[in-house]
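Every chain is numbered from 1, with letters handed out A, B, ... down the list of sequences.
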Number of protein chains: 2
Amino acid sequence: MKNSQLYKGSLNTIIMKLLEENGKMYGYEITQKVKAITQGELNITEGALYPALHKMEAEGILDVEMEKVDNRMRKYYKLTEAGTKETINRLSELEDFIRNMQSLVSPKPNLEF
Amino acid sequence: MKNSQLYKGSLNTIIMKLLEENGKMYGYEITQKVKAITQGELNITEGALYPALHKMEAEGILDVEMEKVDNRMRKYYKLTEAGTKETINRLSELEDFIRNMQSLVSPKPNLEF
DNA sequence: CAAATATACATAAGATTCTTATACATAACT
DNA sequence: AGTTATGTATAAGAATCTTATGTATATTTG
């Protein structure tokens with residue numbers, strides 16, 4: 001994804017959130033969207049992306065729909081019903097994660113005194 | 001660490017930040033501190049912690065100091081000079097990471113219109 | 001007082017996730 | 001004609017973590 005190890009473990013959540021927002025997307029589109037949103041800071045590699053998509057499909061999180069555009073094949077992915085539910089959990093976990101990390105790096109002043 | 005995959009890759013940053021803040025700490029103390037700060041949400045396992053500490057020591061990020069307390073051994077870790085510099089980078093990366101993740105999950109409204 | 005829990009460190013096997021490299025194919029640009 | 005962009009795919013290896021186990025002392029609890 002980039003040099004920072006921190007993104008490890010966040011790819012599925014990112015994909016699910018983008019699909020929740022955009023209905024359906026294809027792999028290459030996801031990489032470009034993420035690059036655009038993060039202003040080039042986060043580049044998802046194909047070696048990480050495609051296995052992740054395949055796994056989520058196998059798990060019943062995603063559905064696939066093939067489409068031929070400009071003589072090139074596209075595989076559109078969208079969330080299944082179970083995937084939509086799981087996305088809610090993932091986003092909630094992400095909020096907790098961010099909150100916990102912020103607590104760790106910028107501890108609140110002790111309000112008891 | 002917990003059930004959420006999101007913490008994967010953040011352990012070293014957490015350790016470094018705690019050591020920057022507290023001067024020196026030993027392994028068990030780190031696990032308890034993290035548990036307290038996150039109100040029990042994040043539990044660092046020994047299987048993750050000790051190899052991480054040993055690796056950072058080997059990389060010159062941490063220094064070790066043994067101490068015997070109550071007839072039990074403690075290994076205190078503290079940041080080396082190089083470790084202190086690296087901590088600044090890591091914390092900066094963490095800020096970027098959190099900012100990017102927030103952009104991805106809660107995209108800002110387009111201000112061009 | 002015996003058993004369980006807390007304190008304290010350590011490692012090994014396996015799972016998961018990612019990087020790096022490679023592969024194939026078409027379209028567009030230079 | 002060659003490079004870049006678009007588009008998907010996989011395989012080998014690295015890195016990080018989980019789970020399980022091991023050792024040892026101190027404290028609490030039934």
Side-chain angles (χ1 to χ4, degrees), chain A residues 1-16 24-36 40-59 61-62 64-77 90 93-94 97 101, chain B residues 1-16 24-36 40-59 61-62 64-77 90 93-94 97 101:
Chain A
M1 299 226 229
K2 207 205 148 185
N3 36 340
S4 173
Q5 303 282 62
L6 292 166
Y7 293 92
K8 195 168 281 229
S10 60
L11 178 57
N12 285 24
T13 303
I14 292 172
I15 293 172
M16 289 162 81
K24 65 174 189 178
M25 297 180 84
Y26 56 101
Y28 187 74
E29 186 185 9
I30 292 173
T31 66
Q32 299 309 302
K33 191 81 175 178
V34 168
K35 195 186 291 186
E41 279 202 56
L42 178 53
N43 290 294
I44 295 177
T45 58
E46 305 100 314
L49 178 66
Y50 292 112
L53 288 172
H54 299 163
K55 195 182 178 210
M56 284 193 274
E57 187 193 348
E59 288 168 348
I61 305 287
L62 303 183
V64 182
E65 198 180 308
M66 305 288 287
E67 207 169 306
K68 200 164 192 174
V69 180
D70 272 337
N71 209 35
R72 267 195 252 96
M73 183 183 64
R74 278 185 193 167
K75 279 180 79 171
Y76 278 97
Y77 290 90
R90 292 302 189 107
E93 279 179 14
L94 179 59
F97 168 68
M101 290 305 288
Chain B
M1 294 225 230
K2 206 205 146 186
N3 38 342
S4 173
Q5 303 282 60
L6 292 165
Y7 294 91
K8 198 169 278 231
S10 60
L11 179 56
N12 285 26
T13 303
I14 292 171
I15 293 171
M16 288 162 81
K24 67 174 185 177
M25 298 179 83
Y26 56 99
Y28 187 74
E29 185 185 10
I30 292 173
T31 66
Q32 300 308 304
K33 191 80 174 177
V34 167
K35 196 185 291 188
E41 279 202 55
L42 179 53
N43 290 293
I44 296 177
T45 58
E46 305 100 315
L49 178 67
Y50 292 112
L53 288 172
H54 300 162
K55 196 182 177 208
M56 285 192 275
E57 187 193 349
E59 288 169 348
I61 305 288
L62 302 183
V64 182
E65 199 180 307
M66 305 287 287
E67 205 169 308
K68 200 165 192 174
V69 179
D70 271 338
N71 208 35
R72 266 197 252 94
M73 183 183 63
R74 278 186 193 167
K75 279 180 79 171
Y76 278 96
Y77 290 91
R90 291 301 189 107
E93 279 180 13
L94 178 59
F97 168 67
M101 290 305 289

For this session: Measure the CG-CD distance between A:Leu62 and A:Glu57 for me, rounded to the nearest 0.5 Å.
Result: 7.5 Å
Problem set entry | Gap between atoms CG and P, on B:Leu6 and C:dT16 respectively (whole Å) | 16 Å
Exercise. CZ of A:Arg72 versus P of D:dA5: gap in Å, rounded?
Worked result: 13 Å
Exercise. Between C:dT17, D:dT6, D:dA9, which one does the side chain of B:Gln5 approach most closely?
Worked result: C:dT17
Exercise. A:Ile15 and A:Ala52: which non-hydrogen atoms are nearest, and at how many Å?
Worked result: CD1-CB, 4.3 Å
Exercise. How long is the gap from OH on A:Tyr7 to CD on B:Glu93, to the nearest 0.5 Å?
Worked result: 8.5 Å
Exercise. What is the nucleic acid contact for A:Gly47, judged by heavy atoms within less than 4.0 Å: base, sugar-phosphate only, or nothing?
Worked result: base
Exercise. Just how far, in rounded Å, is P of D:dA14 from NZ of B:Lys55?
Worked result: 12 Å
For this session: State which of D:dG7, D:dT16, C:dC9 makes the closest approach to the side chain of A:Tyr50.
Result: D:dG7
Exercise. Where do A:Ser10 and B:Phe97 come nearest, in terms of heavy atoms and distance?
Worked result: OG-CE1, 4.2 Å
Exercise. Is any NZ, NE, NH1 or NH2 atom of the basic residue among B:Lys33 and B:Glu29 found under 4.0 Å from an Asp or Glu carboxylate oxygen of the other?
Worked result: no
For this session: Look at the side chain of A:Glu46 and decide which nucleotide, out of D:dT6, D:dT8, C:dC9, has an atom nearest to it.
Result: D:dT8
For this session: Please report, rounded to the nearest Å, how far the P atom of D:dA9 is from the CD atom of A:Glu57.
Result: 9 Å
Exercise. According to a strict under-4.0 Å criterion, is A:Tyr26 in side-chain N/O contact with OP1 or OP2 of D:dT8?
Worked result: no
Problem set entry | Nucleotide nearest B:Lys75 (side chain, heavy atoms from C-beta), chosen from D:dT19, C:dA10, D:dT8 | C:dA10
Exercise. CG of A:Leu49 versus P of D:dG7: gap in Å, rounded?
Worked result: 13 Å
Exercise. In whole Å, what is the span from the CD1 atom of A:Ile30 to the C1' atom of D:dT8?
Worked result: 12 Å
Seminar exercise, completed: note: A:Met66, atom CE; D:dT8, atom P; distance rounded to Å ~ 9 Å
Exercise. Which comes earlier along DNA chain D counting from the 5' end, the contact point of B:Asn71 or that of A:His54, where each point is its nearest nucleotide?
Worked result: A:His54
For this session: Would you mind reading off the distance between B:Glu29 atom CD and C:dA8 atom P, rounded to a whole angstrom?
Result: 9 Å
Problem set entry | 5'-most by nearest nucleotide on DNA chain D - A:Pro51 or A:Met73 | A:Met73
